[in-house]
Amino acid sequence: MSGQKTWGGRFTGGTDRQVEAFTESISFDRRLYRHDILASQAHARMLGEVGLLTPAEAERVAAALDEIGAEIDAGKMTFSISLEDIHTHIERGLIDRLGDLGRKLHTGRSRNDQVVTDLKLWVRDAIDDLDGLLLDLQRAFVESADREQGVVIPGYTHLQRAQPVLAAHYFLAYVEKLQRDRDRLADCRKRVNVLPLGAAALAGTSLPIDRESVRQKLGFESIARNSLDVSSDRDFALEFVFCLSLIATHLSGWAEEWVIWSTTEFNFLDLPDAFCTGSSIMPHKKNPDVLELTRGKSGRVIGALQHLFVLVKGLPLAYNRDLQEDKHAIFDAFDTVAGCLSVAAPLVRQTKLRRESIASRIEDGFLDSTTLMEWFIARELPMRTAHELVGKLVRECEQRKCRLVELPDEAFEAASPGGGADVRAVLGVANAIAAFRSYGSTAPAEVERQVREWGERVSG
Ligand code: ARG
């Protein structure tokens, strides 16, 4: 079979079958075929422009590549490990169709710059897909913020009741995280969008190729300056999978929160039946499997990032075959995150807050104590003194088994003579919420403005 190989001349014997099976990548890099064809068409047309092919030859190559693309689309291409990877399969298809003309396509190029060009084109599309999925999830959270306006929920630190927050404020917190995820991907895209093709094997080429023409055809923003660097540069892949890891981490934290919030103990959420499953033995169960799997799958994505770090650490310049192993991590991390985002958006849309259950316990847990402390501070008590004072009031409440608002006026008199009646204006959760005023806080006017602004930003 050595005649089938792209390196046939140097070898007399064929490749060991086990080695073929060990070294092949066609089983997973076939996924790059569309991008490989696009890059090859740009390359061929450039060869036609600089005289390494005639313009007519270049068009014949481009047309044959379209045919090969259609053959793969239709599932008609036979893949074989003896042809190793997607690049060789497509080149072989071209040679089968065009003979010697097909044998010219690889002029001024190597699989080393080819594979990283394909991968960058693929990642660029993946980033654009992810942006759409993230936007849709943002919309779902903004819709929830809009629907639940006015609803107050407990805010937690250490998973202990801390201060009250508007539900809309809570939903918008996730919109912010997702916006950072989108911004990060957009930033990563800049480094993805640098053309490697033309680096050839590692040193460039003595042939008169025109990289600027290829850049334009493939829509890259700029051209990699150093062939030695770019032929093995996978920084963009690590960055991309880092972005994915952070998205997965955001989703995992959210999923954990909603798993807890949907328990009988919390009873904050009504998860849609369509996104839960039952138990094969316990008839009453409604399990939050989608959320649990979202939490669990984050491990795969973070694992993919470790995979890539260990893969590239210690690789000398330039291409080393180790790099073939990058694709498993990139593809799996993308598929996993895209899958999680796709189910997250409808799940958020169909989940309702259990308003009555939340309201029935909203006055528990001294959510108004910090606002009370601030009330004393505003009346010129030193912060530490006010903190201690309210701490003592909370202790008194615990002894009396009552809420702050239920303490008699005298309890507040010591600290603020004559203020015992006024103080009630900040006690209780509704009053506490109304007292907030800082930028970015849960102050009703602030949150209302942000719901409006986000609504405009994510619409259309
Ligand atoms: N299948 C290879 C990969 O994914 C393509 C590049 C092969 N280059 C080489 N010199 N063997 O990395």
Side-chain angles (χ1 to χ4, degrees), residues 1-11 13-40 43 65 68 72 77 79-95 105-126 192 195-205 224 227-238 240-241 304 307-335:
M1 292 300 276
S2 69
Q4 288 232 334
K5 305 286 189 221
T6 50
W7 60 78
R10 165 76 174 76
F11 287 73
T15 313
D16 183 283
R17 285 298 294 170
Q18 265 195 22
V19 170
E20 280 188 338
F22 184 71
T23 54
E24 66 87 22
S25 56
I26 187 62
S27 57
F28 51 94
D29 68 11
R30 63 177 71 172
R31 195 165 169 171
L32 294 172
Y33 79 94
R34 278 204 192 89
H35 300 96
D36 193 74
I37 285 171
L38 276 178
S40 287
H43 181 71
L65 286 166
I68 294 169
I72 302 176
M77 176 170 280
F79 294 111
S80 149
I81 58 166
S82 64
L83 283 177
E84 201 177 302
D85 59 24
I86 189 62
H87 323 294
T88 315
H89 275 80
I90 291 174
E91 191 181 339
R92 169 62 49 185
L94 198 66
I95 295 169
L105 173 66
H106 213 50
T107 302
R109 146 183 122 167
S110 142
R111 275 187 301 162
N112 300 349
D113 58 343
Q114 186 181 357
V115 69
V116 65
T117 302
D118 294 359
L119 205 52
K120 281 187 158 187
L121 290 171
W122 187 91
V123 169
R124 202 172 66 181
D125 281 351
V192 171
L195 173 72
L197 205 64
L202 76 165
T205 171
S227 61
L228 206 49
D229 167 44
V230 77
S231 57
S232 62
D233 166 37
R234 295 296 183 276
D235 293 1
F236 73 92
L238 272 88
F240 175 57
V241 175
H307 168 150
L308 288 176
F309 265 115
V310 178
L311 182 68
V312 299
K313 151 194 144 9
L315 285 189
L317 292 174
Y319 181 83
N320 295 274
R321 189 64 179 272
D322 314 46
L323 291 175
Q324 178 167 293
E325 293 282 314
D326 59 1
K327 289 163 210 68
H328 298 290
I330 298 168
F331 293 158
D332 189 59
F334 169 77
D335 290 343

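Both ligands and their constituent atoms are indexed starting at 1 by order of listing. Numbers for residues simply follow the sequence, beginning at 1.
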Does any N or O of ligand 1 fall below 3.5 Å from an N or O anywhere on N112, backbone included? yes

How far apart are the closest heavy atoms of D326 and L119, and which atoms are they? OD2-CD2, 3.3 Å

Looking only at non-hydrogen atoms, the one of R111, E325, Q324 nearest atom 11 (N) of ligand 1 is R111

Closest heavy-atom contact between R111 and H106? N-NE2, 3.5 Å

Quick one: does S25 get an N or O within less than 3.5 Å of an N or O on ligand 1? yes

For the residue pair F28 and H328, categorise the inter-ring angle as parallel (less than 30°), tilted (30 to 60°) or perpendicular (more than 60°). tilted

Starting from atom 12 (O) of ligand 1, locate the nearest protein heavy atom and write down its residue, its atom name and how far away it is, to 0.1 Å. Y319 OH, 2.4 Å

I86 and I72 have their tightest heavy-atom pair at CD1-CD1, 4.5 Å

Looking just at side-chain N and O atoms, do D125 and H35 make a donor-acceptor pair shorter than 3.5 Å? yes

Starting from atom 5 (C) of ligand 1, locate the nearest protein heavy atom and write down its residue, its atom name and how far away it is, to 0.1 Å. D85 OD2, 3.5 Å

K327 near ligand 1, heavy-atom distance under 4.0 Å? yes

